[in-house]
Structures are given as structure tokens and as C-alpha cells.
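Everything numeric in this text was worked out from a predicted model, so none of it was measured.
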Amino acid sequence: MSFTQRPRVLHIGDDIVYNPELYKSFSSQFDIVQPALEERQRENFIGALKEKRWGDFHAIFRPFWNTGGEMGQWDEELVSELPKSCEAFASAGAGYDWADIPTLSKYGIVYCNGARASSEAVADMAIWHILSVFRNLIWSAEAAKSGDVEQWKFAHKHQQDTAFNPRGRSLGIIGLGNIGYTIAQKAWLAFGMKVLYHDIVRKPKDSEEAVNAVFYENLDEMLAVADCTVLATPFSGSLLITAEKLKSFKKGSRFVNIARGTLVDENALVEALKSGHLFAAGLDVHQHEPRVHPEFTKMRNVTLTCHNAGGAWDTAAGFERLAMENIESFLTRGKALTPVNAP
């Protein structure tokens, strides 16, 4: 891309932490404008855009998932006020339920996420949940941590009746992107699980063969045979795992969610677990975060974590670096590294 002056980048969120040398190079190429915290509150932020307070910037840079989002949803109201010069938005984080991708596309803005930087951490957490729902590890862990002798003895004696090895069992993955594929690699290579997957785009043959994966164009058909299903797809704007969809799951199977809690009808999931239609569940994400469904906290067959799947030092550093690399690549070569849309 060619510019008559040095490109301007709007940096929303806190200062750089993990990649100071890269940021030094980054800021030497672009004019960086960083709004103060009070300017990032929604009303103030939209007002500043209307006033063109930050001029005609060319890209938006959000290096952290937990700061820089104070203005809330990036919807028509907000995106329509961005200057016409803005053509790229690179953010930390794998999920982007806070960003209206169709609207960004409508205004010609390429959105780049950080899923590639979090794939290892999220996949590791998924494997932990998969092991837990097969072996019912949460029962043993909580009994031991209680310090109660009777709980310990009871779990020691009876937990094995609810525990099964994952080897040779089928793992259905909804969404075989960067994260889903990394989960498939780990499950296949480490545990010899049979990988099944459903996605809107089928993987190339060599990618399927590398993890011995079987593609299912019809999601219900995959759910009907998978011993465990992992949800690893971005938020699509609506529920995916509904009460009706849960009926398609194989009876006695397991469910793991490391994607977004808003994709799942948790009341329906509670009922599926209580009825025995689902054997166990592992949830890193929740429908009404930070609130956890109270019924899940009472269930011995439900493993819960606090949306920490991507929460590793390596991930945070990778998010920050990849966001800079995306913008640099787009502004200097006209091509983003990890775009999720095509305006």
C-alpha cells in the first residue's frame, strides 16, 4: 500500500509489555496514537471519532484481550464513525464476539484475530478437559482437595466406575481451525483417538490424513457417533448447541467447550446431563460470564475453569506480537497474516 504520509495507527488499550523491541520497530514505521482510558468509554470514544480527534488513522491495534475494549460492541453505531482511511483492525484474542465482522466488512475493514498465538494453550486446556470428562478426574481432585477423609475414601473406591480411557474413542471437533486442528493433533498423536470433524470448509486431504480425521458435512451425523464433542468454533451470533441439537448427541457421550459460552444453551445442557443423555461436560467458557450456572457447580461429572484456556504467558506475548505483525504486514505489503474476513 502507498501513503502520502506515514500511516497512523490507533492503539487502544494498555502499553506494550512483552515485545518492546518489536514495538520499537513498529512505532518507528507508523504514527501511533493511543487514546486515554476515559476516551475509550463508549460515548466518549464515538464522540471522539465524530470529532476526528485522532485524525485519519489507517489501522486499529488492540494488543491485549482484557484492555482496549472499554467502548463495548463494535457494531454499526461505532464502526460507521471510523474514518474511511481505516482498513485494518488487529486484536489479541481468538474469539471476536464483541466485533461485528459483517459490519467491519461492509466498511472495508479487514479484521485479524490472534487465534494462531493461542492455539497451543487452548488446545492443552481442551485436552485437560477431555481427559477429565473421560476419567472423571474432577471428582477425585475435589474429593482430595476437600481434606475430608470420607470424601477421599469414597472417591478412591468408586470413581473408577465412572472413568474410561480415551484411547480408541472418537473425538468430534466442531470447527477445525488453528485451535481445533491443534486439538486434533494432540488427541490423535498422544491418545490415538479417532478424530471426526465438522466445519464450513473441509481441510485438504493431507491435513486430514496427518491426524487421521474424518470429515462430516452434516453436524448431526457427527454428533450421533462421537464419544466426546469439542466446541472450537468462533461465536457465530447465535446459539449453536441448543436443546434440539443436544438430542443429536450420542447417548452417554461427553461435551467440552473451549470456544464461547454464548454458543451453548446451558439450561438445556444441565437437563441433558441430569437425564444421563450426556455423561459428562468440561466447560472453560460460560454463557453468562463471570457467572457460572449454579447447577454445574453441584455436579460431580462437570469440570469447570474460568475462561483460562488461552491464559498462558506465551499466549499473551504471542497476541501482542501477532497484532503488530498483522498491521505491519497489511500496511506495508497489503496483506494481513490472520484475517477472518474479506471486505
Side-chain angles (χ1 to χ4, degrees), residues 120-174 183 186-187 190-193 223 226-232 241 243 246-247 249-313 315:
E120 279 294 320
V122 178
D124 286 346
M125 179 69 88
I127 292 296
W128 184 81
H129 274 284
I130 290 165
L131 283 173
S132 186
V133 296
F134 271 102
R135 293 288 307 275
N136 203 359
L137 298 178
I138 197 65
W139 178 7
S140 180
E142 290 183 347
K145 198 167 184 179
S146 73
D148 184 278
V149 170
E150 293 307 313
Q151 283 194 50
W152 192 99
K153 288 166 66 176
F154 190 74
H156 176 67
K157 184 177 181 179
H158 297 290
Q159 185 264 351
Q160 66 180 9
D161 297 329
T162 64
F164 299 86
N165 292 332
R167 180 164 295 277
R169 313 258 176 191
S170 57
L171 180 69
I173 303 174
I174 303 175
I183 294 169
K186 293 174 184 287
F191 305 111
M193 298 190 78
L223 296 176
D227 294 309
C228 179
T229 296
V230 177
L231 187 56
I241 306 302
L246 283 164
K247 294 176 183 177
F249 279 65
K250 178 180 179 180
K251 183 171 174 56
S253 64
R254 301 146 186 86
F255 175 65
V256 170
N257 186 8
I258 47 77
R260 280 292 182 267
T262 45
L263 288 164
V264 179
D265 181 339
E266 290 189 342
N267 288 327
L269 180 57
V270 166
E271 292 307 310
L273 288 161
K274 284 185 173 181
S275 70
H277 186 71
L278 285 185
F279 185 77
L283 308 173
D284 179 60
V285 289
H286 309 274
Q287 191 173 15
H288 302 292
E289 292 180 4
R291 296 170 183 81
V292 175
H293 197 298
E295 291 301 312
F296 291 146
T297 65
K298 305 170 188 175
M299 293 181 174
R300 190 178 280 161
N301 58 340
V302 176
T303 302
L304 302 170
T305 46
C306 304
H307 200 151
N308 287 128
W313 188 97
T315 300

For [X] and [Y], work out which heavy atoms get closest and say how close.
X: Ala121; Y: Thr315; value: CB-OG1, 3.3 Å
X: Ser170; Y: Ala226; value: OG-CA, 3.4 Å
X: Val256; Y: Cys228; value: CG2-SG, 4.1 Å
X: Pro166; Y: Leu131; value: CG-CD2, 4.0 Å

Nearest 0.5 Å, please: how far is [atom2] in [Y] from [atom1] in [X]?
X: Lys247; Y: His277; atom1: NZ; atom2: NE2; answer: 9.5 Å
X: Arg254; Y: Phe164; atom1: CZ; atom2: CZ; answer: 6.5 Å
X: Cys306; Y: Leu283; atom1: SG; atom2: CG; answer: 11.5 Å
X: Thr305; Y: His129; atom1: OG1; atom2: NE2; answer: 3.0 Å
X: Ile127; Y: Lys186; atom1: CD1; atom2: NZ; answer: 7.0 Å

Pairs under 3.5 angstrom only: tabulate donor-acceptor contacts from the side chains of residues 151-160 to other protein residues two or more places apart or in another chain.
unit_1	atom_1	unit_2	atom_2	d
Gln159	NE2	Arg135	O	2.4
Gln159	NE2	Asn136	O	3.1

Donor-acceptor pair, distance only, cut-off 3.5 Å: does the side chain of Asn308 make one with the backbone of Gly311?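 No.
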
Are the side chain of Asp284 and the backbone N or O of His307 linked by a donor-acceptor pair below 3.5 Å?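 Present.
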
Could I get the full list of ring-ring contact (aromatic ring centres under 6.0 Å, His included) partners for His293, not counting sequence neighbours?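 So His293 forms a ring-ring contact (aromatic ring centres under 6.0 Å, His included) with Phe296.
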
CA sep, side-chain torsions, deciding dist, call: Phe249, Leu246, side chain to side chain contact (heavy atoms under 4.5 Å, CB included): CA-CA 5 Å; Phe249 279 65; Leu246 283 164; 4.0 Å; yes

[Y] and [X], any side-chain heavy atoms less than 4.5 Å apart:
X: Ile183; Y: Ile130; value: yes
X: Leu137; Y: Thr303; value: no
X: Ile174; Y: Ile241; value: yes

Short N-O contact, Glu295 and Lys298, less than 4.0 angstrom: yes

Derivation and outcome, side chain to side chain contact (heavy atoms under 4.5 Å, CB included), residues Thr162 and Asn301: CA-CA 9 Å; Thr162 64; Asn301 58 340; over 6 Å; no

Only one of Leu269, Leu273, Val302 forms a side chain to side chain contact (heavy atoms under 4.5 Å, CB included) with Phe255, so which one is it? Leu269

Going through the distances and angles, do Lys250 and Asp227 end up as a side chain to side chain contact (heavy atoms under 4.5 Å, CB included)? CA-CA 7 Å; Lys250 178 180 179 180; Asp227 294 309; 2.6 Å; yes

For a side chain to side chain contact (heavy atoms under 4.5 Å, CB included) check, start with the C-alpha distance between Thr229 and Ser253, then their side-chain angles and the critical distance, and finish with the verdict. CA-CA 8 Å; Thr229 296; Ser253 64; 5.6 Å; no

